Amino acid sequence: MATKDAAPFILSEALLSAFDINDRINLYLIENLPEAAWRAEPPNGKGRTVAAIVAHLHNVRVMWLKATNGTVPEQLDPHRVTQARAAKALEQSRAALKDVLEVSLKSDGRIRGFRPDVAGFFGYLIAHDAHHRGQITMLARQVGHPIPQKATFGMWEWGVR
């Protein structure tokens with residue numbers, strides 16, 4: 001039961017906050033990724049490198065920004081991107097998507113080119129990032145450069161990120 005002095009819960013603000021936390025978790029993973037894992041060839045030489053997966057995260061965001069007429073940052077080259085450049089690009093695409101999300105939340109809740117609505121788009125964006133964070137974590141372990149255990153658990157600490 002809520003107390004009389006409790007601030008009202010505002011769903012739109014909570015969704016935007018969750019989106020920001022999700023991105024901070026992405027950056028936390030990149031910061032804690034052993035440098036040797038960044039370009040390590042995947043097992044059997046099949047699949048993407050960690051660098052390519054992170055570039056994909058950003059480039060999918062860019063695709064959605066083009067579709068929604070948002071501010072479009074430059075795409076990343078998966079073969080040349082550095083960890084520092086990827087982190088900066090993810091911050092840029094997060095900021096641009098946040099603008100799109102805020103406009104939608106303040107209007108009719110629609111996202112151009114996406115169904116069902118802005119809440120579904122939040123879910124899609126966070127699920128997409130989380131899926132690839134799992135891939136990155138697994139791939140780093142497979143190539144012999146695992147994420148430190150503290151960081152692996154730290155990715156679940158949404159209340160402190």
Side-chain angles (χ1 to χ4, degrees), residues 13-105 111-114 118 120-161:
E13 290 177 13
L15 289 169
L16 291 167
S17 176
F19 184 65
D20 286 343
I21 293 168
N22 173 73
D23 203 61
R24 289 194 299 269
I25 299 292
N26 290 338
L27 298 176
Y28 179 75
L29 173 58
I30 292 169
E31 290 166 5
N32 285 279
L33 182 74
E35 193 174 324
W38 188 249
R39 293 228 176 268
E41 283 298 316
N44 302 321
K46 295 182 180 179
R48 295 177 175 147
T49 63
V50 169
I53 294 169
V54 175
H56 167 77
L57 283 176
H58 171 74
N59 292 342
V60 166
R61 291 175 176 189
V62 169
M63 175 198 73
W64 281 112
L65 287 163
K66 288 176 183 175
T68 60
N69 292 328
T71 302
V72 182
E74 231 180 89
Q75 286 195 320
L76 293 175
D77 179 342
H79 304 291
R80 297 179 56 197
V81 67
T82 64
Q83 284 175 258
R85 175 65 186 115
K88 184 177 179 181
L90 285 172
E91 290 179 38
Q92 291 170 335
S93 59
R94 182 220 36 94
L97 275 172
K98 188 173 181 180
D99 289 345
V100 169
L101 294 165
E102 286 177 324
V103 167
S104 179
L105 286 166
I111 295 288
R112 186 173 176 214
F114 186 89
V118 67
F121 195 49
F122 273 100
Y124 165 86
L125 292 168
I126 291 173
H128 182 256
D129 286 5
H131 164 74
H132 289 299
R133 283 194 302 266
Q135 283 186 319
I136 291 164
T137 302
M138 182 178 70
L139 181 56
R141 187 179 69 242
Q142 287 175 335
V143 299
H145 306 288
I147 309 298
Q149 187 176 30
K150 182 180 178 184
T152 301
F153 290 127
M155 287 189 288
W156 292 99
E157 296 172 340
W158 281 52
V160 297
R161 299 281 162 235

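Computed over heavy atoms, backbone and side chain alike; hydrogens, waters and symmetry mates excluded. FYI, the numbering just counts along the sequence from 1. Remember, predicted model here, so these are calculated numbers, not experimental data.
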*Asks:* Can you find a pair of side-chain heavy atoms, one from Arg61 and one from Arg94, that are under 4.5 Å apart?
*Replies:*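 Answer yes - side chains close enough.
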*Asks:* Measuring from atom CG of Leu16 to atom CG of Leu97, what distance do you get when rounded to the nearest 0.5 angstrom?
*Replies:*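 Nearest 0.5 Å value for the CG-CG distance: 11.5 Å.
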*Asks:* With a 4.0 Å cut-off on N to O distance, would you call Arg161 and Asp20 a salt bridge?
*Replies:*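 No, no charged N to carboxylate O under 4.0 Å.
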*Asks:* Which pair of non-hydrogen atoms, one from Phe122 and one from Leu15, has the smallest distance, and what is that distance?
*Replies:*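 For Phe122 versus Leu15, the nearest heavy atoms are CE2-O, 3.2 Å.
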*Asks:* Where is the tightest heavy-atom contact between Ile147 and Pro34, given as atom of each residue plus distance?
*Replies:*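 Heavy atoms of Ile147 and Pro34 come nearest at CD1-CD, 4.1 Å.
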*Asks:* Evaluate the side-chain contact (heavy atoms from CB on, under 4.5 Å) criterion for residues Leu90 and Asp23: first the C-alpha distance (whole Å), next the side-chain angles of each, then the deciding distance (0.1 Å), finally the verdict.
*Replies:* CA-CA 8 Å; Leu90 285 172; Asp23 203 61; 4.3 Å; yes
*Asks:* Do Val54 and Val81 come within less than 4.5 Å of each other through their side chains, counting heavy atoms only?
*Replies:*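 No, too far: nothing below the 4.5 Å cut-off.
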*Asks:* Scan residues 14-55 for pairs that pass ring-ring contact (aromatic ring centres under 6.0 Å, His included), counting only residues two or more places apart or in two chains.
*Replies:*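 Residue pairs passing ring-ring contact (aromatic ring centres under 6.0 Å, His included), neighbours aside: none found.
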*Asks:* Working to the nearest 0.5 angstrom, can you tell me the gap between Ile136 CD1 and Leu57 CG?
*Replies:*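 Ile136 atom CD1 to Leu57 atom CG measures 5.5 Å (nearest 0.5 Å).
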*Asks:* Which value, rounded to the nearest 0.5 Å, describes the distance between Leu27 atom CG and Asn32 atom CG?
*Replies:*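 Leu27 CG to Asn32 CG: 11.0 Å, rounded to 0.5 Å.
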*Asks:* Minimum heavy-atom separation for Gly70 and Val100, please, with both atom names.
*Replies:*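 Closest approach of Gly70 to Val100: CA-CG2, 3.9 Å.
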*Asks:* Tell me which pairs pass ring-ring contact (aromatic ring centres under 6.0 Å, His included) where either residue lies in residues 46-90, with sequence neighbours left out.
*Replies:*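 Residue pairs with at least one partner in residues 46-90: His56-His128, His56-His132, Trp64-Phe114, Trp64-Phe121, Trp64-Tyr124.
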*Asks:* For a quick test of reading the model, state the closest non-hydrogen atom pair linking Leu139 to Arg48 and the distance between them.
*Replies:*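 Looks like CD2-O, 3.3 Å.
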*Asks:* Quick check: does any side chain N or O of Ser104 sit under 3.5 Å from a backbone N or O of Leu101, one acting as donor and the other as acceptor?
*Replies:*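 Side chain of Ser104 to backbone of Leu101: no pair is present.
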*Asks:* Does the side chain of Gln135 come within less than 4.5 Å of Met138's, by heavy atoms?
*Replies:*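 Met138 does not reach Gln135 side chain to side chain.
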*Asks:* Measure the shortest side-chain to side-chain distance between Pro42 and Val143 over non-hydrogen atoms and say whether it is less than 4.5 angstrom.
*Replies:*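 Pro42 does not reach Val143 side chain to side chain.
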*Asks:* Would you indicate whether the side-chain heavy atoms of Met155 and Leu29 approach each other to under 4.5 Å?
*Replies:*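 The answer is yes, as the side chains (C-beta and beyond) meet within the 4.5 Å cut-off.
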*Asks:* Between the main-chain N or O of Glu13 and the side-chain N or O of Ser17, is there a donor-acceptor pair closer than 3.5 Å?
*Replies:*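 Flag not set: sc Ser17 to bb Glu13 has no pair under 3.5 Å.
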*Asks:* For a quick test of reading the model, state the closest non-hydrogen atom pair linking Gln75 to Val62 and the distance between them.
*Replies:*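 The pair with the smallest heavy-atom distance is CG-CG1, 3.7 Å.
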*Asks:* What pairs with Asn22 under side chain to side chain donor-acceptor pair (under 3.5 Å), at least two apart in sequence or on another chain?
*Replies:*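 Result, side chain to side chain donor-acceptor pair (under 3.5 Å) vs Asn22: Asp129, Arg133.
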*Asks:* Measure the spacing between OG of Ser93 and NZ of Lys88 and express it to the nearest 0.5 Å.
*Replies:*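 If I round to the nearest 0.5 Å, the distance is 13.0 Å.
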*Asks:* Rounded to the nearest 0.5 Å, what separation is found between the CD1 atom of Ile21 and the CG atom of Asn26?
*Replies:*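 Answer for the CD1-CG pair, Ile21 versus Asn26, is 12.5 Å.
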*Asks:* Nearest 0.5 angstrom please: Gln92 CD to Leu65 CG, how far?
*Replies:*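 With rounding to 0.5 Å, CD (Gln92) is 11.0 Å from CG (Leu65).
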*Asks:* For Lys98, is the NZ atom crowded, meaning more than 12 foreign heavy atoms sit under 6.0 Å from it?
*Replies:*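 Result for NZ/Lys98: enclosed.
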*Asks:* Examine distances only and state if a side-chain atom of Asp99 and a backbone atom of Thr71 form a donor-acceptor pair shorter than 3.5 Å.
*Replies:*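 Such a contact is absent between Asp99 side chain and Thr71 backbone.
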*Asks:* Answer yes or no: does atom CD of Glu74 have more than 12 heavy-atom neighbours from other residues, nucleotides or ligands under 6.0 Å?
*Replies:*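 Counting neighbours around CD of Glu74, 12 or fewer heavy atoms of other residues, nucleotides or ligands fall under 6.0 Å, so no.
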*Asks:* Tell me the closest heavy-atom pair linking Ala55 and Pro78, and the distance in Å.
*Replies:*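 Closest approach of Ala55 to Pro78: CB-CA, 3.8 Å.
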